[in-house]
Novice: 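Got a structure for you, questions after.
All chains are named by letter (A, B, ...) in the order of the sequence lines, taking the proteins before the strands, and each is independently numbered beginning at 1. Side chains included, hydrogens not; waters and symmetry mates left out as well; all remaining heavy atoms used.
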2 protein chains.
Amino acid sequence: MALEHAILVSLLEQPGSGYELARRFDRSIGYFWTATHQQIYRVLKRMETDGLLAVREVAQQGRPDKKEYSVAQPGRAALSQWLHEPIEPESLRHDLAVKIRGAAFDDPAALVREVERHRRAHGDRLARYLAGELRDFTGPQAPAPLDAGQELQHVVLRGGIAYERMTIAWLDDVLTTVHRLAAPGPVPRAPGTPPD
Amino acid sequence: MALEHAILVSLLEQPGSGYELARRFDRSIGYFWTATHQQIYRVLKRMETDGLLAVREVAQQGRPDKKEYSVAQPGRAALSQWLHEPIEPESLRHDLAVKIRGAAFDDPAALVREVERHRRAHGDRLARYLAGELRDFTGPQAPAPLDAGQELQHVVLRGGIAYERMTIAWLDDVLTTVHRLAAPGPVPRAPGTPPD
DNA sequence: TCCTTCTATGCAACTCGTTGCATAGACAAG
DNA sequence: CTTGTCTATGCAACGAGTTGCATAGAAGGA
């Protein structure tokens, strides 16, 4: 139930409405935790019922009213408690790896197209992360010195950057490998494949 | 619904029972896709009902009977179709990153302990991956030359190794950063934190 | 004999997360 | 004045995944 905790952190960094949270989950926080607006609204409602959050109706001009959520004392306590509990190292869910192993039983050309698509997507993400780093942490517009919260946000972003770089290098490895397999002639029969 | 496809790939590599699949999801395939035995049994049943898999009752000595599943023709077709559809690059769910950003509002010492725990866990994983690589792909016991299926399994494993190495380096970065923040005295007040 | 462990399968209840659909205020363009 | 877009919130249905519990055959040890 870490979505609750991601919301608590995001609202502590800056109070906001469900809609605004959904925006953040498309950016910054969304680099390492995704959520749809449905999920967010539902969890916000539950958290408010549980007393973790406080709501305030805010009238706006030029746009509909919104409900601004902020973290109440029990919310801070719940976050603190979670921060002191050990969690399991994440278990990956990597569709593309399944596809790569599946390619032994199918057309490798389709795999190449897919891997190239992913390579481009990760290249775009890396560019976005690097632009964000320059804007918020290392560029001339960035505050200096950074406070503790900003330093921690920066180290998380560095993790995202390292992840994208690693992934891009690996996808290149995959492409090289697939081309090497295709080059010397027809791909040898994969294990488990019945003879035609 | 990629669990279906992971099961198809695993059963193409080697037919087996639900129990054996659950074992594999604790190892090899489980390096990039996790599943509990419940999930596996339920999906196996559905896939069999849908005609994607064939079952065979196998009597064993010294242990209970088992149902051995193998991929039927419609299963191969379903896998092939999925392999030709583009998929979205994965969206991460990284609890630890939430915790790191949350540490701005809490005790950094608890974060250090947690990060060190994760560092050890990833170190263990890396050692396990490297041992597997030596055993199956690069060591003297490994078959040479590798066929296409083994080459693809190897490149996926190399991805896992690169991921663990990157993660370990990042966790060291996190520890260095947290210590640097703690060193010059009390941590500065984080943004959004109300004055006491 | 009883207890534990390993293999092997499954149900029931629940939470988490996605998808499709719906509503509504405010504004801008045609 | 209708249409489209952006902000803002929500319901209903479904599918994915987890947790707890239950059963049972076979083996080995206390």
Novice: Under the ring-ring contact (aromatic ring centres under 6.0 Å, His included) rule, collect the residues that match up with B:F25, sequence neighbours excluded.
Specialist: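 Not a single residue meets the ring-ring contact (aromatic ring centres under 6.0 Å, His included) criterion with B:F25.
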Novice: Applying ring-ring contact (aromatic ring centres under 6.0 Å, His included), can you list everything that pairs with A:F32, at least two apart in sequence or on another chain?
Specialist: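 Listed in chain order: nothing, the list is empty.
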Novice: Which Ile, Leu, Val, Met, Phe, Trp or Tyr residues join A:Y41 in one cluster when any pair of side-chain heavy atoms under 4.5 Å counts as a link?
Specialist: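 A:Y19, listed by chain and number.
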Novice: Tell me what A:Q60 touches on the nucleic acid: a base, only sugar-phosphate, or nothing, going by heavy atoms under 4.0 Å.
Specialist: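 Here A:Q60 touches the backbone only, sparing every base.
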Novice: May I ask you to decide if A:Y163's main-chain N or O and A:T167's side chain share a donor-acceptor pair within less than 3.5 Å?
Specialist: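 Side chain of A:T167 to backbone of A:Y163: a pair is present.
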Novice: Does some side-chain heavy atom of B:D136 sit less than 4.5 Å from a side-chain heavy atom of B:L157?
Specialist: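 No, too far: nothing below the 4.5 Å cut-off.
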Novice: Among residues at least two apart in sequence or on other chains, which ones pass side chain to side chain donor-acceptor pair (under 3.5 Å) with B:R23?
Specialist: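 Side chain to side chain donor-acceptor pair (under 3.5 Å) list for B:R23, sorted by chain: empty.
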Novice: For salt bridge (charged side-chain N to carboxylate O under 4.0 Å, His left out), just list the numbers for A:R24 and A:E13, CA-CA rounded to whole Å, side-chain angles, deciding distance to a tenth of an Å, and then say yes or no.
Specialist: CA-CA 11 Å; A:R24 291 182 213 172; A:E13 288 174 353; over 6 Å; no
Novice: If two hydrophobic side chains count as joined below 4.5 Å and joins carry through other members, does A:I29 share a cluster with A:Y129?
Specialist: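 Linked within one cluster.
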Novice: Assign each of A:A35 and B:K67 to its nearest nucleotide of DNA chain C by heavy atoms, then name whichever residue's nucleotide is nearer the 5' end.
Specialist: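 Nearer the 5' end of the strand: B:K67.
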Novice: Give every residue pair that meets the ring pair (Phe, Tyr, Trp, His ring centres under 6.0 Å) criterion with at least one member in residues 49-103 of chain B, sequence neighbours excluded.
Specialist: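 For residues 49-103 of chain B, and leaving out neighbouring residues, the ring pair (Phe, Tyr, Trp, His ring centres under 6.0 Å) pairs sorted by first residue read B:H5-B:W82, B:H94-B:W170.
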Novice: Just jot down the ring-ring contact (aromatic ring centres under 6.0 Å, His included) partners of A:H154, sequence neighbours excluded, or say none.
Specialist: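 Applying ring-ring contact (aromatic ring centres under 6.0 Å, His included) to A:H154 gives A:F137.
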Novice: Within the supplied structure, the quantity of interest is the number of heavy atoms (other residues, nucleotides, ligands) at a distance under 6.0 Å from A:Q73 CD; does it exceed 12?
Specialist: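 Result for CD/A:Q73: open.
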Novice: Among residues 78-90 of chain A, which ones have heavy-atom contacts with DNA chain C below 4.0 Å?
Specialist: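 Residues of residues 78-90 of chain A under 4.0 Å from DNA chain C: none.
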Novice: Test of understanding: clusters of I, L, V, M, F, W, Y form through side-chain heavy atoms closer than 4.5 Å, transitively. Do B:L92 and A:L152 belong to the same one?
Specialist: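 Different hydrophobic clusters.
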Novice: Over how many whole Å does the gap from B:K66 atom NZ to D:dA24 atom C1' extend?
Specialist: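 So the two atoms are 18 Å apart, to the nearest Å.
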Novice: Do A:L111 and B:V155 share a hydrophobic cluster (ILVMFWY, side-chain heavy atoms under 4.5 Å, transitive)?
Specialist: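 Yes, one cluster joins them.
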Novice: Looking at residues at least two apart in the chain, or sitting in another chain, which of them share a salt bridge (Lys or Arg N to Asp or Glu O under 4.0 Å) with B:R125?
Specialist: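 If we apply the salt bridge (Lys or Arg N to Asp or Glu O under 4.0 Å) test to B:R125, skipping adjacent residues, the hits are B:E164.
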Novice: On DNA chain C, reading 5' to 3', which nucleotide is the first and which the last to sit with an atom under 4.0 Å from a heavy atom of chain B, could you check?
Specialist: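 Listed 5' to 3', the contact boundaries are C:dT7 to C:dT18.
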Novice: Looking at residues 36-58 of chain A, who's got a heavy atom less than 4.0 Å off DNA chain C?
Specialist: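 Within residues 36-58 of chain A, the residues near DNA chain C are A:T36, A:Q38, A:Q39, A:R42, A:R46.
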Novice: Strictly below 4.0 Å, heavy-atom distances to any atom of DNA chain C: list the hits from residues 23-31 of chain B, or just say none.
Specialist: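 The answer is none.
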Novice: Could you check how far CG of B:L3 sits from C1' of D:dT18, rounded to whole Å?
Specialist: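 Rounded to the whole Å, the gap is 13 Å.
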Novice: I'd like to know whether A:E20 forms a salt bridge (charged side-chain N to carboxylate O under 4.0 Å, His left out) with A:K66, so could you lay out the CA-CA distance, the side-chain angles of the two residues, the decisive distance to 0.1 Å, and finally the verdict.
Specialist: CA-CA 10 Å; A:E20 284 161 353; A:K66 66 174 181 180; 2.8 Å; yes
Novice: Considering heavy-atom distances to DNA chain D, does B:W33 or A:Y69 have its closest nucleotide positioned more toward the 5' end?
Specialist: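 Of the two residues, A:Y69 wins.
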Novice: Rounded to 10°, tell me the angle between the two end axes of the helix from C:dT1-D:dA30 to C:dG30-D:dC1, each built from five pairs.
Specialist: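 End-to-end axis angle for the helix from C:dT1-D:dA30 to C:dG30-D:dC1: 0°, rounded to 10°.
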